[in-house]
Each structure stands twice: as C-alpha cells, then as structure tokens.
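Below: the structure, in structure tokens.
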Amino acid sequence: MSQIRQSRSSMIEATRAKLLAAARQAFATHGYAQASMDDLTAQAGLTRGALYHHFGGKSGLLAAVVAQMDAEMDARLELVLGAHASPWEGFLAYCRAYLAMAQEAEIRRIVLQDARSVLTGTDQGEQHQKCIQFMANYLQQLIDQGVINRANPLALARLLNGCLVEAAFWIAEEDAPAARLDDALQALDLMLEGWKAA
C-alpha cells in the first residue's frame, strides 16, 4: 500500500514539475498575458484539466512559479551573504545582489512585472515572511556585534525589505535604463551607511 502511495505521490510531483517548467518558460518568453495555457500544457504533454487540478488556473500556476523563483533567489542571496568574512560586507553584498537580480530577464518579467500586476491581493506571504525573518535575524546579529546601531531588528528588516522591493520594481520597469541599478545601489549605500554604529 505504501508503494502505491509513494508511486502516486511521485506522479503528482512529476506532473507539477512538468507544468511549472513549461509555465516558467512560457511566462519568461511571452509574458503572462500572452502565454497560452493550451500551448504550455501541450508542451508539458498534459491537459488543461491537469493545470486546473494542480494549480486552480493560470494565476495559480504563476503563483507557484513565483514561489519557486523566490526560493531560488533566497538560496542565491544566502550564498552571497556567506561568501564574505565581514558580516557587514556580506550584508551589503546581499542587498546589492538582490537589486542586481532585478535586471535578470526572467526575474524581471515574471517576479517583478507579471506577478506584481496579476497576483495583487493573493496570498504570496509565506516566502515574504521567511525573507523578512531571515533578514531580522541577521540584523540582530549585527546589532549584537556592535556593527549597526541598536533598533528593533524586525522594524529594520521590514523597512529595508520595503525599500529593496520598491527599488527592484523601479529597476525592472519596462524600458527602464540600465543606469537605474547604479542609482539604486548608490541610494542603498547612502541609507545603510547611516545604520552603522559609530
């Protein structure tokens, strides 16, 4: 019986993975609005019914793709953070790397353009809350080490996250000049310099 359950579970995961891969490619190539559900399900070798069964529709599929990409972005950012001996330099690199990701074509289109317009008001909170908590924990370490001024780390994390997300949306706007990233990085450095302990 457990083998049957395991086999069924594997089939479900394989189906979801196929739909996610096909959708991610379609959304990145054509954008959410232009991506055809019939084309992407055909590419995955599945039916439109499978899409509705597993994701509830096109917007549910977009939400799942965004969650997958968010997790990948978080993993990349944690590697950036860990690659520096200085906790402060690691934190600066972490924030800067997030803004730089806004110019990557797939992230720009799916996470920062389509998701913002399509998924407004839907529950995209879990990954977001994890990100803020991770940032708050790291900021608490910087406070404890005397690197930054003492303040509520969760307040700092929410403030910084809001700044980074809004700056990323600005960088990722359609036809935005590449120089926006440099402008945002300069503003970020200026802001965070004020956080450092004397």
Side-chain angles (χ1 to χ4, degrees), residues 24 27-28 31 62-120 122-198:
R24 187 163 169 172
F27 296 155
L62 176 63
V65 168
V66 170
Q68 181 185 64
M69 292 178 69
D70 275 346
E72 291 170 7
M73 289 166 69
D74 285 348
R76 285 172 59 188
L77 290 169
E78 286 183 40
L79 287 175
V80 168
L81 195 61
H84 293 78
S86 158
W88 177 249
E89 291 303 320
F91 186 66
L92 287 178
Y94 171 96
C95 295
R96 293 171 71 87
Y98 175 79
L99 292 181
M101 285 179 186
Q103 287 191 331
E104 294 179 21
E106 187 183 46
I107 292 171
R108 179 180 188 158
R109 179 164 233 169
I110 297 174
V111 177
L112 297 171
Q113 290 177 354
D114 286 343
R116 186 181 201 191
S117 61
V118 175
L119 300 177
T120 305
T122 60
D123 182 19
Q124 288 294 296
E126 190 179 340
Q127 195 69 28
H128 181 69
Q129 293 306 321
K130 281 183 188 174
C131 178
I132 288 174
Q133 193 56 59
F134 176 84
M135 200 180 281
N137 293 343
Y138 197 84
L139 287 165
Q140 182 65 66
Q141 291 175 38
L142 292 176
I143 291 166
D144 293 344
Q145 294 164 11
V147 176
I148 63 174
N149 291 307
R150 191 159 288 281
N152 181 315
L154 194 54
L156 290 175
R158 286 191 170 277
L159 178 72
L160 182 57
N161 181 267
C163 292
L164 290 172
V165 168
E166 278 305 314
F169 286 141
W170 182 61
I171 292 164
E173 281 177 0
E174 200 71 51
D175 302 321
R180 277 195 187 174
L181 174 59
D182 295 329
D183 292 341
L185 291 173
Q186 182 187 13
L188 174 71
D189 288 348
L190 186 64
M191 182 181 79
L192 291 180
E193 193 60 34
W195 290 22
K196 288 181 75 175

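The structure displayed is predicted, hence computed values, not measured ones.
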For a 4.5 angstrom cut-off between non-hydrogen side-chain atoms, does [X] reach [Y]?
{"X": "Tyr98", "Y": "Val80", "answer": "no"}
{"X": "Arg116", "Y": "Leu112", "answer": "no"}
{"X": "Leu62", "Y": "Ile110", "answer": "yes"}
{"X": "Cys163", "Y": "Met191", "answer": "yes"}
{"X": "Leu188", "Y": "Leu164", "answer": "yes"}
{"X": "Met101", "Y": "Leu77", "answer": "yes"}

Would you name the heavy atoms of [X] and [Y] that are closest together and state the gap between them?
{"X": "Ile171", "Y": "Arg108", "result": "O-NH2, 4.1 Å"}
{"X": "Ala28", "Y": "Glu106", "result": "CB-CG, 4.0 Å"}
{"X": "Ala93", "Y": "His84", "result": "CB-CE1, 3.4 Å"}
{"X": "Gln145", "Y": "Pro87", "result": "OE1-CG, 3.5 Å"}
{"X": "Leu99", "Y": "Ala168", "result": "CD2-N, 4.0 Å"}

Which donor-acceptor pairs under 3.5 Å do the side chains of residues 177-186 make with protein atoms, sequence neighbours left out?
residue, atom, partner, partner atom, Å
Arg180, NH1, Trp170, O, 2.6
Arg180, NH1, Glu173, OE1, 2.8

Which ring pair (Phe, Tyr, Trp, His ring centres under 6.0 Å) pairs, counting each pair once, include a residue from residues 135-154, with sequence neighbours left out?
-> Phe91-Tyr138
How many angstroms lie between [atom1] in [X] and [atom2] in [Y], if you round to the nearest 0.5 Å?
{"X": "Glu104", "Y": "Met73", "atom1": "CD", "atom2": "CE", "answer": "8.0 Å"}
{"X": "Leu139", "Y": "Ile148", "atom1": "CG", "atom2": "CD1", "answer": "5.0 Å"}
{"X": "Gln133", "Y": "Lys130", "atom1": "CD", "atom2": "NZ", "answer": "12.0 Å"}

List in chain and number order the residues that pass salt bridge (Lys or Arg N to Asp or Glu O under 4.0 Å) with Glu89, two or more places apart in sequence or in another chain; answer none if no residue qualifies.
->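 Once residues adjacent in sequence are excluded, Glu89 has no partner under the salt bridge (Lys or Arg N to Asp or Glu O under 4.0 Å) criterion.
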Contacts of type salt bridge (Lys or Arg N to Asp or Glu O under 4.0 Å), residue Arg96, not counting sequence neighbours =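 Here the qualifying residues are Asp189.
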Using atom types as modelled, flag every donor-acceptor pair under 3.5 Å from a side chain in residues 150-161 to any protein atom, sequence neighbours excluded.
residue, atom, partner, partner atom, Å
Asn152, OD1, Leu154, N, 2.8
Asn152, OD1, Ala155, N, 3.1
Arg158, NH2, Gln129, OE1, 3.1

Compute whether any side-chain donor of one residue and acceptor of the other, for Asp144 and Gln140, lie under 3.5 angstrom apart.
->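 Side-chain D/A pair, Asp144 to Gln140: present.
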Has the side chain of Arg24 got a donor or acceptor atom that lies under 3.5 Å from a matching backbone atom of Val65?
->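 No: the side chain of Arg24 does not pair with the backbone of Val65.
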Indicate yes or no for a side-chain donor-acceptor contact from Gln113 to the backbone of Ala172 under 3.5 Å, with no hydrogens or angles considered.
->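 It does hold such a pair.
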Which residues pass the side-chain contact (heavy atoms from CB on, under 4.5 Å) test with Phe134, sequence neighbours left out?
->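 With neighbours one apart ignored, the set is Glu78, Leu81, Tyr94.
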